[in-house]
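FYI, the numbering just counts along the sequence from 1. Worth knowing before you read on, the calculation uses all heavy atoms, side chains too, and leaves out hydrogens, waters and symmetry mates. Remember, it's 1-based here, ligands and their atoms both numbered in the order they're listed.
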Amino acid sequence: MISIDPVVAATALGAGDLAALPTETVYGLGGLASSESAIARIFEVKGRPRTHPVIVHVEGPQDLQHWACEVPASALALAQEFWPGPLTLVLASADNVPGAITGGQPTVAIRAPAHPLFREVLRLLNDDTSAPVGIAAPSANRFGHVSPTTASDVEHELGDRLRPGRDVILDGGRCVVGVESTIVIWTERGWRIAREGGITREQLGRTVELRDDSPTAIRVPGTIASHYSPRARVLVPESLSEIDVDQVPGPVGLLALADVPDPMGWVRLAAPVSTEEYARALFSALRRADELALATVVAIPPTSAGLGAAIRDRLDRAAF
Ligand code: TXA
Ligand code: MG
């Protein structure tokens with residue numbers, strides 16, 4: 001089921017089957033946006049409620065018009081600046097977008113992923129049709145679980161729910177960003193961040209003016225608080241001095257920047273040296289905590305600058 005060949009993945013998608021695809025953020029469970037049955041299977045395989053909309057993945061800014069009924073100049077500017085890359089734009093959807101993708105909402109989420117294998121899959125499929133191809137793809141995890149950042153994570157999450165000989169997991173190595181895309185929503189009063197992610201608030205602010213209400217003030221289906229939950233209890237102190245290390249129920253795992261020493265007897269889940277490396281290690285560290293059947297994960301987040309905001313958001317959800 002695992003392949004490294006984009007042709008194999010494009011062929012499966014073209015036949016209406018599913019392909020888990022690598023992106024720079026996390027792996028997605030992809031199906032052709034134009035295939036009603038493929039979209040239905042995505043929801044079934046993930047165990048995800050049908051009212052949760054999914055992101056349509058496209059080749060580039062030129063495809064925006066096909067999916068959105070109105071493309072404001074600032075949307076084009078964002079796409080030109082940050083695509084291919086970890087930014088998802090939510091715009092008023094065009095009439096042709098299936099309700100199964102939008103969750104029945106009047107909007108559609110669109111992004112051009114940067115991973116070269118995903119781009120090759122899109123290019124191959126676009127070669128075969130005149131209308132631009134879209135691949136609907138939520139993160140390739142079971143509903144409520146931690147997003148996968150390697151092909152074997154996907155196999156572990158969904159392997160028993162995919163169809164052998166038909167569905168494919170395209171192995172593109174470990175995801176380089178490690179947290180999902182930033183989602184921005186266009187409203188009549190401007191752009192709002194609905195989910196912190198791989199493109200930072202600071203970066204966005206250089207291209208558009210953001211309304212600075214907090215992301216949690218906006219209800220995005222599928223961003224419910226309990227997402228990204230490992231089985232272990234997750235504590236998110238600002239430093240070890242905030243907790244009584246002897247009282248934490250063990251076995252305990254520690255996720256913190258390398259300059260934080262681990263208390264005696266704790267398992268070191270990751271010791272990243274930068275915020276970027278922290279983001280890359282985050283989800284696999286949470287997975288490892290489950291594999292090791294840890295009772296508690298203590299995660300000391302980096303500062304909230306840059307990718308730190310997205311890391312803190314995911315840790316807070318994991319801790320919920
Ligand atoms: O990095 C990512 O964004 C990854 C990779 C695979 O592209 N995808 C991802 O998809 O994280 P998913 O489905 O796990 O999360 C997408 C989020 C969901 O919370 C969903 O509710 C929201 O995007 N979303 C999708 N369409 C939307 C829409 N029209 N309006 C508001 N939120 C939307
Ligand atoms: Mg997800």
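Taking only non-hydrogen atoms, the option from Pro106, Gly198, Pro148, Ser181 nearest to atom 2 (C) of ligand 1 is Ser181. Comparing heavy-atom distances from atom 4 (C) of ligand 1 across Leu21, Val90, Val26 singles out Val26 as nearest. For atom 6 (C) of ligand 1, the choice among Gly28, Gly104, Gly103, Ala20 with the nearest heavy atom turns out to be Gly28.
In the hydrophobic cluster analysis, where Ile, Leu, Val, Met, Phe, Trp and Tyr join through side-chain heavy atoms closer than 4.5 angstrom, Tyr278 is grouped together with Val234.
Contacts of Glu24 classified as side-chain contact (heavy atoms from CB on, under 4.5 Å), with partners at least two apart in sequence or in another chain: Pro86, Arg111, Pro113, Ala114, Val176, Val177.
Ring centroids of His52 and Phe43 are separated by 6.0 Å or more, keeping the two rings apart.
The closest approach between any non-hydrogen atom of Thr102 and ligand 1 is not below 4.0 Å. Under a 4.0 Å heavy-atom criterion, His52 is not in contact with ligand 1.
Listed by number with element, the atoms of ligand 1 under 4.0 angstrom from any heavy atom of Glu180 are 1 (O), 2 (C), 11 (O). For ligand 1 and Pro53, the ligand atoms under 4.0 Å from any heavy atom of the residue are 20 (C), 21 (O), 24 (N), 25 (C), 26 (N), 27 (C), 28 (C), 33 (C). For ligand 1, the atoms sitting less than 4.0 Å from at least one non-hydrogen atom of Thr107 are 28 (C), 29 (N), 30 (N), numbered in the order shown with element in parentheses. Every atom of ligand 1 with a heavy atom of Ile183 under 4.0 Å away is listed here by number and element: 17 (C), 22 (C), 23 (O). Of all atoms in ligand 1, listed by their number and element, those nearer than 4.0 Å to a heavy atom of His57 are 5 (C), 6 (C), 7 (O). Heavy-atom contacts of Ile55 reach the following atoms of ligand 1: 3 (O), 8 (N), 9 (C), 10 (O), 16 (C) (cutoff under 4.0 Å). Every atom of ligand 1 is numbered from 1 in the order shown, and the set under 4.0 Å from a heavy atom of Arg48 is 12 (P), 13 (O), 14 (O), 18 (C), 20 (C). Atoms of ligand 1 found under 4.0 Å from any heavy atom of Thr25 (numbered from 1 in listed order, with element): 1 (O), 2 (C), 4 (C), 5 (C).
Between Arg123 and Glu120, at least one side-chain N (NZ, or NE/NH1/NH2) sits under 4.0 Å from a carboxylate O, which counts as a salt bridge. Between Glu196 and Arg201, at least one side-chain N (NZ, or NE/NH1/NH2) sits under 4.0 Å from a carboxylate O, which counts as a salt bridge. The pair Asp316-Arg312 does not count as a salt bridge, with every side-chain nitrogen at least 4.0 angstrom from each carboxylate oxygen.
Applying the side-chain contact (heavy atoms from CB on, under 4.5 Å) test between Leu240 and each of Val248, Ile300, Asp262 identifies Ile300 as the sole match.
Looking only at atom types and distance, the side chain of Trp67 has no donor-acceptor partner in the side chain of Ser93 under 3.5 Å away.
Considering backbone and side-chain N/O of Thr23, none are found under 3.5 Å from N/O of ligand 1. For Tyr27, no nitrogen or oxygen atom sits less than 3.5 Å from a nitrogen or oxygen atom of ligand 1, counting backbone and side chain alike.
Closest of all the heavy-atom pairs between Pro22 and His115 is O-CB, 3.4 Å.
In this structure the side chain of Val54 reaches within 4.5 angstrom of the side chain of Pro138, judged on heavy atoms.
Checking Ser139 against the Mg ion (ligand 2), an N/O/S atom falls under the 2.8 Å cut-off.
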